[in-house]
Each structure stands twice: as C-alpha cells, then as structure tokens.
Amino acid sequence: MWRRVASLSSSISSSFLAQTASRLNTWESLTTGIAQQAKGVIAPKEKTPFITFVLGGPGSGKGTQCIKIVETFGFAHLSAGDLLRREIASKSADGAMILNTIKEGKIVPSQVTVKLIQKEMELSDNHKFLIDGFPRTEENRVSFERIIGVEPNVVLFFDCPEEEMVKRVLNRNEGRVDDNLETIKKRLTVFQALSLPVINYYSEKGKLYTIKAIGTEDEIFEQVRPIFAAFETVG
Ligand SMILES: Nc1ncnc2c1ncn2[C@@H]1O[C@H](COP(=O)(O)OP(=O)(O)O)[C@@H](O)[C@H]1O
Ligand SMILES: O=c1ccn([C@@H]2O[C@H](COP(=O)(O)OP(=O)(O)O)[C@@H](O)[C@H]2O)c(=O)[nH]1
Ligand SMILES: [Mg+2]
C-alpha cells in the first residue's frame, strides 16, 4: 500500500503536497487543541487558583489533617510524597533516582516534583489546592513560583516536637522505605536545615499559620478550621 501512495504522490506537484501538508498540520493542531481543551488541559480555568502549602516535619500530621480539610472545605489534595511514590511504582525514568533520594531522606530535584504537581493541577477540575509536603527547600519554593507562576494564599505549618514525630513515624505502618529510625534522623536534619527557612520566609510574608500539632486529630483540626472558614466568608 505504501508503495502505491508513494508512486501516486510522485505525480502530484510538490506545491500541492506542501499546501495539503500544511492544511493537515493546521487541522491536527486544531483538533489536538480541542481535545486538550475538552480535557481541561489548555482551557483557562474559570477561577484563579487558591493554593495552600501544608508544611511540617515528618510525622507532624500533614496528611491526616489534609484529609479533614478536603472533607470540610472541598480542596484537591496533592501530596508531593504520594506523587513521587507513584512515579517509583510506575517504574518511570526517574523512579530509581526518586527511590534512592527518599531512602536517604534527601530532597528530589525541584523540577521533577514541580512537574508532577503541575500535571495534577492541570488535570484537576478543582481550583482549591492543598499541596502537602512541598516546598521542602527554598529551591523548591522558587522553582514552583517560576514554573507555576503563582504564590500560595495560605501556608500551614504543623509544629510538632521531634520525639512525637519520631514516635508517630515509627508507628505509621504503611510499609514506607523511609519510616525507619536511621532515615527519620536524616529527614529531621534536612527539615531543620532546608525546610525551616521556607517556613520563615512565609512567616515574614504574613502568610504562615502555625498549628500546635499535638493532641487528638480532632483537637488539631479545630485550630485548622477557622483559618479556612475565614477565607470562605471572604469569598
Ligand atoms: N494528632 C495525632 N496524634 C497521634 N497520631 C497522629 C496524629 N495525627 C496523625 N497521627 C498519626 O501519625 C502518623 C503520621 O501522620 P501523617 O498524617 O502521615 O503525617 P505526615 O504526613 O506529616 O508525615 C500516622 O500514622 C497518623 O495516623
Ligand atoms: O517535595 C517533596 C516531597 C517529598 N520528597 C521526598 O519524599 C519523602 C517523603 O515525603 P512525604 O511528604 O510523603 O513525607 P511525610 O512528611 O508526609 O512523612 C521526603 O522525605 C523526601 O525524600 C521530596 O523530595 N520532595
Ligand atoms: Mg505525609
């Protein structure tokens, strides 16, 4: 079949072919655009995004409280750690590098994490996002602002004593490669050295809400609730 088409095309003038090819290209980009718009990939979102960063050390209760915030205030929950673990599970090109980084308690290169977050944001119908466990470094923060082009509206900091965080992580029981004493110590050092500067940055910008992350899950949520309730009434 390809031979017949090839011999036919040789008898058609090259300018006709060029015009047809150009029309086809235009159509292809149009239809791709329509398909992407239908999936919400390109179409501008109707509402400006409302972004909350959820920060705190390992085991401070970020994920637990995010579930409650989603239930009560209807946010989309994007856990950076979960997105990275999904990459490992899908055996993507970056999977092995991400696994080693997580095992070492270190931070995955910003571009990798920001791209995963960006993809999830684009695919979501929601405009309210809880970004859990990110940014963990100043470089993460700058990279998000540069690639996504927006700043968070709210930054939550779950402030929890180290010994409580260690106890919780060791009891977490999710089979995670980083929930062991050796990796937890490294993660706590990384948190102090690299993540606290991000928290201080948002404190200076007046965007930080510090939650005392000890007590029952419900007690802690009663500190979180009024923060979002205030934004709901504003609009
Ligand atoms: N207020 C709390 N008191 C006791 N344990 C908690 C509390 N909040 C969460 N946990 C437990 O601690 C562990 C770590 O919580 P998680 O939400 O995964 O923290 P993070 O996402 O900050 O690492 C989980 O096993 C969770 O069930
Ligand atoms: O933006 C991120 C978020 C997570 N991680 C890695 O993923 C691990 C687990 O992150 P997660 O937020 O799931 O841990 P948590 O704080 O909830 O225990 C971290 O220690 C890092 O190694 C990362 O590199 N960049
Ligand atoms: Mg978590």
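Nothing fancy with the numbering, it's 1 onward along the sequence. Both ligands and their constituent atoms are indexed starting at 1 by order of listing. Quick note: numbers below take in every heavy atom, side chains included, and nothing from hydrogens, waters or symmetry partners.
The protein atom (non-hydrogen) at minimum distance from atom 9 (C) of ligand 1 is Thr64 OG1, 3.3 Å. Summary of contacts: the protein heavy atom closest to atom 10 (N) of ligand 1 is Arg168 CD, 4.0 Å. For atom 23 (C) of ligand 2, the nearest non-hydrogen atom of the protein is Leu84 CD1, 3.5 Å. Of all protein heavy atoms, the one lying nearest to atom 4 (C) of ligand 2 is Arg136 NH1, 3.4 Å. In terms of protein heavy-atom proximity, atom 22 (O) of ligand 2 is closest to Lys106 O, 2.6 Å. When hydrogens are left out, the protein atom nearest atom 1 (O) of ligand 2 is Phe134 CD1, 3.3 Å; that is the closest non-hydrogen contact. Counting protein heavy atoms only, atom 17 (O) of ligand 2 is closest to Lys62 NZ, 3.7 Å. Here the protein heavy atom with the shortest distance to atom 24 (O) of ligand 2 is Val108 N, 2.8 Å. The nearest heavy-atom contact from the protein to atom 15 (P) of ligand 2 is Arg187 NH2, 3.3 Å. Closest to atom 8 (N) of ligand 1 among all protein heavy atoms lies Glu217 CG, 3.7 Å. Annotation: atom 25 (O) of ligand 1 to nearest protein heavy atom, Arg172 CA, 3.6 Å.
Between Gly215 and ligand 1, an N or O atom pair is found at a separation short of 3.5 Å. Polar contact with ligand 1: absent for Glu164 (N/O pair, distance under 3.5 Å). Considering backbone and side-chain N/O atoms, Gly63 comes within less than 3.5 Å of an N/O atom of ligand 1. Polar contact check, Asn171 against ligand 1: no nitrogen or oxygen pair lies under 3.5 Å apart. For Lys62, a nitrogen or oxygen atom sits less than 3.5 Å from a nitrogen or oxygen atom of ligand 1, counting backbone and side chain alike. At under 3.5 Å, not a single nitrogen or oxygen of Thr113, backbone or side chain, sits near a nitrogen or oxygen of ligand 2. Any N or O atom pair closer than 3.5 Å counts here, and Ser79 shares no such pair with ligand 2. Inclusion of Gly61 in the set of residues having an N or O under 3.5 Å from an N or O of ligand 1 is warranted.
Legend: residues meeting side-chain hydrogen bond (donor to acceptor under 3.5 Å, both in side chains) with Glu104, ordered by chain and number and at least two apart, are Lys186.
Put simply, the side chain of Gln65 gets close to the backbone of Glu217: a donor and an acceptor are under 3.5 Å apart. Although no hydrogens or angles enter the test, the distance criterion places a donor-acceptor pair under 3.5 Å between the side chain of Thr183 and the main chain of Lys103. Side-chain atoms of Arg136 never come within 3.5 Å of backbone atoms of Leu194 as a donor-acceptor pair (strictly under, hydrogens ignored).
Electrostatic pairing of Arg86 and Glu120 counts as a salt bridge here, judged by a charged N lying under 4.0 Å from a carboxylate O. Salt-bridge formation is not detected for the pair Glu163/Lys167: no Lys NZ or Arg NE/NH1/NH2 atom is positioned less than 4.0 Å from an Asp or Glu carboxylate oxygen. We find that Arg187 and Asp179 are joined by a salt bridge, their nearest charged nitrogen and carboxylate oxygen being less than 4.0 Å apart. With respect to the salt-bridge test (charged N to carboxylate O, under 4.0 angstrom), the residues Glu138 and Arg141 qualify.
Counting heavy atoms closer than 4.0 Å to ligand 2, residue Arg176 contributes side-chain atoms (C-beta onward) but none from N, CA, C or O. Contact annotation: for Lys186 versus ligand 2, there are no heavy atoms closer than 4.0 Å. Residue contacts with ligand 2 for Asp132 are absent, since no atom lies close enough (heavy atoms, distance under 4.0 Å). Contacts between Glu104 and ligand 2 below 4.0 angstrom, taking non-hydrogen atoms only, are absent altogether.
Near Arg85, with a cut-off below 4.0 Å to any heavy atom, the atoms of ligand 2 are 9 (C), 13 (O). Atoms of ligand 2 found under 4.0 Å from any heavy atom of Gly81, numbered from 1 in the order shown, are 10 (O), 11 (P), 13 (O). Those atoms of ligand 2 with a heavy atom of Ala80 less than 4.0 angstrom away are 1 (O), 2 (C), 3 (C). Residue-ligand proximity, Gly57 to ligand 1, at heavy-atom distances under 4.0 Å covers atoms 22 (O). Within the listing of ligand 1, atoms 1 (N) sit less than 4.0 angstrom from a heavy atom of Thr216. Near Ile220, with a cut-off below 4.0 Å to any heavy atom, the atoms of ligand 1 are 1 (N). Atoms of ligand 2 lying under 4.0 Å from at least one heavy atom of Ile107, given by number and element, are 24 (O). Under a 4.0 Å criterion applied to the non-hydrogen atoms of Pro58, ligand 2 contributes the atoms 16 (O), 18 (O). Within the listing of ligand 2, atoms 1 (O), 2 (C), 3 (C) sit less than 4.0 angstrom from a heavy atom of Gly133. Atoms of ligand 2 lying under 4.0 Å from at least one heavy atom of Asp178, given by number and element, are 8 (C), 9 (C).
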Practice problem: Start with the C-alpha distance between Phe144 and Phe53, add both sets of side-chain angles, then the distance that settles ring-ring contact (aromatic ring centres under 6.0 Å, His included), and finish with yes or no. | Solution: CA-CA 11 Å; Phe144 182 91; Phe53 286 156; 5.1 Å; yes
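Remark: Lys128 is positioned above the aromatic ring of Phe75, its terminal NZ or CZ atom under 6.0 angstrom from the ring centre and at most 45 degrees off the axis.
Across Gly57 and Lys62, no two heavy atoms sit closer than the pair O-NZ, 3.0 Å.
Residue contact annotation: Gly59 has a non-hydrogen atom under 4.0 Å from ligand 1.
Residues Lys68 and Val224 are not in side-chain contact: their nearest non-hydrogen atoms beyond the backbone lie 4.5 Å or more apart.
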